[in-house]
Protein chains: 2
Amino acid sequence: MTGQVRTVDGRVAGRRGQATRQKLLDCLSEMLSSSPYRDVKVIDVARKAGTSPATFYQYFPDVEGAVLEIAEEMAKEGAGLTELVAGRSWVGKSGWQAAEELVEGFLDFWRRNDAILRVVDLGAAEGDKRFYKIRMKILNSVTNSLTDSVKELQAKGKVDKDVSAAAMAGSLVAMLAAVASHQKGFTTWGVKQAELKPNLALLVHLGITGKKPTK
Amino acid sequence: MTGQVRTVDGRVAGRRGQATRQKLLDCLSEMLSSSPYRDVKVIDVARKAGTSPATFYQYFPDVEGAVLEIAEEMAKEGAGLTELVAGRSWVGKSGWQAAEELVEGFLDFWRRNDAILRVVDLGAAEGDKRFYKIRMKILNSVTNSLTDSVKELQAKGKVDKDVSAAAMAGSLVAMLAAVASHQKGFTTWGVKQAELKPNLALLVHLGITGKKPTK
DNA sequence: ACTTGTCCTGTCATGCCGTCAGCTTACCGA
DNA sequence: TCGGTAAGCTGACGGCATGACAGGACAAGT
């Protein structure tokens, strides 16, 4: 069921093959960090991996296909972001702490994977369903948990009923993703990392609970 | 000062030349809407414009260069977004109205220019200063006005002093931009446009004033 | 008609794309 | 030890995009 790794022409990849494949993915990953997506060429990736373009095409249909593999891998890791929200309390001091840790964890994940996430974002915005699905997988892990938190607070009467839990959670997560993508931008702008995070946490807290946090 | 339109090799473009140039830009714009950025080729743009690749290179150094021109044009229009915030009152019912109109105007602008904004976003995220500058120009028009609004409220003691006005404004604007980029995504997700906007307005209001709006 | 400067394109060298046939290497059973 | 088989890799090739140039077409003024 797991599906063995296969080459484009249907052969099953053995040890050596998988190593080569992985090396190509690693090199591609590096290239994405150092040069514009538009300029990443198959031949450069192959050269960097010490192999030939033909070998690349044996494992991936094209650059986009290989990028999807990397993104899929990252999405698996990203599913763990649920931990940042699941089972957290949003009242009192622990609420503020939850917001802070969510911001911290999210920004960190984005910073670690910024190169590939840029491309995923672009693909999703362009309407490519495969990229869109991956983006959803990552964001959903957080959004769904947040949506539940809002609904719970609504059930207790602590949050207005006319708030759409899903829309609110989605907007907040989109905000976190956007700010994370342009972190460097903020610093050039004159906003320091140190003051950015508390403000994001404040917004998250306001959005979820509708109230100012008690720190 | 304005600088006449010039070809790559330094000649000044006359009437006919400018028309051709503009046609190339229009066709490029269209192509960006219909196909992935990575796949937009000079030859396709030229063909669509009923001319040859050589002509394209007479006016632009490459695809990226032409995209920058389009983006610059859009940025001029985007500067008008300031109107959505400047001189608005954030107290009482007019505060809620201000938030609603900001969201409406911003999302609309983004929807009208989504194809080119995708590319600008990517370029900026990749660290290209030219794209970054254009993005700033657009966002600044809103962010600066919002920052002023927050500072004003702080001076009146209506907002906590420990809020960084710039960070708050920047985060809110980043959120709007992100949600706008993935508007289609939200609908697939089960969130309707109709419930998305009020929630965004609510978040904006909460962020700026720290309080729930009076509708 | 002639001149001048703008505008467009045919052509060419270069380099990447994507595919194939065929060679080498590793594994395995007899 | 010795084939046999499948995995793994690459050289080479037609095709296409790139980017540069020089020369021809065109419009406008004299």
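Worth saying up front: this structure is predicted, and the values here are computed from it rather than measured. Chain letters run A, B, ... following the sequence lines, proteins first, then strands; residues in each count from 1.
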B:Phe60 has an atom CZ; how far is it from atom P of C:dC7, in whole Å?
13 Å

Do other residues, nucleotides or ligands put more than 12 heavy atoms under 6.0 Å from the NZ atom of A:Lys151?
no

Under the rule for ring pair (Phe, Tyr, Trp, His ring centres under 6.0 Å), what residues qualify as partners of A:Tyr37, not counting sequence neighbours?
none

Output a table of donor-acceptor pairs, distance under 3.5 Å, between side-chain atoms of residues 12-24 of chain A and any protein atom two or more places apart or on a different chain; print 'none' if there are none.
| unit_1 | atom_1 | unit_2 | atom_2 | d |
| --- | --- | --- | --- | --- |
| A:Thr20 | OG1 | A:Arg16 | O | 3.1 |
| A:Arg21 | NH2 | A:Glu69 | OE1 | 2.8 |
| A:Gln22 | NE2 | A:Asp26 | OD1 | 3.3 |

For C:dT19, does either OP1 or OP2 sit under 4.0 Å from a side-chain N or O belonging to A:Tyr57?
no

In whole angstroms, the gap separating C1' of C:dA21 from CG of A:Asp9 amounts to 13 Å

Do the charged groups of B:Asp114 and B:Arg111 touch, with an N to O distance under 4.0 Å?
no

Only distances under 3.5 Å count here; give the side-chain donor-acceptor pairs of residues 51-65 of chain A to other protein atoms, sequence neighbours excluded, each with its distance to 0.1 Å.
| unit_1 | atom_1 | unit_2 | atom_2 | d |
| --- | --- | --- | --- | --- |
| A:Thr51 | OG1 | A:Thr55 | OG1 | 3.1 |
| A:Ser52 | OG | A:Thr55 | OG1 | 3.4 |
| A:Asp62 | OD1 | A:Glu64 | N | 3.4 |
| A:Asp62 | OD1 | A:Gly65 | N | 2.8 |
| A:Glu64 | OE1 | A:Arg130 | NH2 | 2.7 |

So, using ring pair (Phe, Tyr, Trp, His ring centres under 6.0 Å) as the criterion, who are the partners of B:Trp96 when residues are at least two apart?
none

Counting only side-chain heavy atoms from C-beta out, which of D:dG8, C:dC8, C:dC16 sits nearest to B:Tyr59?
C:dC8

Locate the shortest heavy-atom distance separating A:Val173 from A:Leu139; write the atom from each residue and the value.
CG1-CD2, 3.6 Å

Give me the distances for all protein-to-nucleotides 25-27 of chain C N/O pairs that come in under 3.5 Å?
none

Which pairs of donor and acceptor atoms, one on a side chain in residues 70-84 of chain A, lie under 3.5 Å apart (sequence neighbours left out)?
| unit_1 | atom_1 | unit_2 | atom_2 | d |
| --- | --- | --- | --- | --- |
| A:Glu77 | OE2 | A:Arg112 | NH2 | 2.7 |
| A:Thr82 | OG1 | A:Ala79 | O | 2.7 |

In chain order, what residues pass the side chain to side chain contact (heavy atoms under 4.5 Å, CB included) check against B:Thr209, with sequence neighbours excluded?
B:Trp90, B:Leu153, B:His205, B:Lys211

Is there a side-chain contact between A:Thr20 and the phosphate of D:dC9, meaning an N or O under 4.0 Å from OP1 or OP2?
yes

If the condition is side chain to side chain contact (heavy atoms under 4.5 Å, CB included), which residues does A:Lys41 pass it with, not counting sequence neighbours?
A:Ile43, A:Asp44

For DNA chain D, the residues among residues 33-44 of chain B that have a non-hydrogen atom under 4.0 Å from it
B:Lys41, B:Val42, B:Ile43

All N/O contacts under 3.5 Å from nucleotides 10-14 of chain D to the protein, with atom names and distances to one decimal?
| unit_1 | atom_1 | unit_2 | atom_2 | d |
| --- | --- | --- | --- | --- |
| D:dT10 | OP2 | A:Thr51 | OG1 | 2.6 |
| D:dT10 | OP2 | A:Ser52 | N | 3.3 |
| D:dT10 | OP2 | A:Thr55 | OG1 | 3.1 |

A:Arg11, nearest nucleotide to its side chain (from C:dC16, D:dA7, D:dA17)
D:dA7

Counting only non-hydrogen atoms, which of residues 22-29 of chain B are less than 4.0 Å from DNA chain C?
none

For A:Leu206, check side chain to side chain contact (heavy atoms under 4.5 Å, CB included) against everything at least two apart and list the hits.
A:Leu202, A:Lys212, B:Leu206

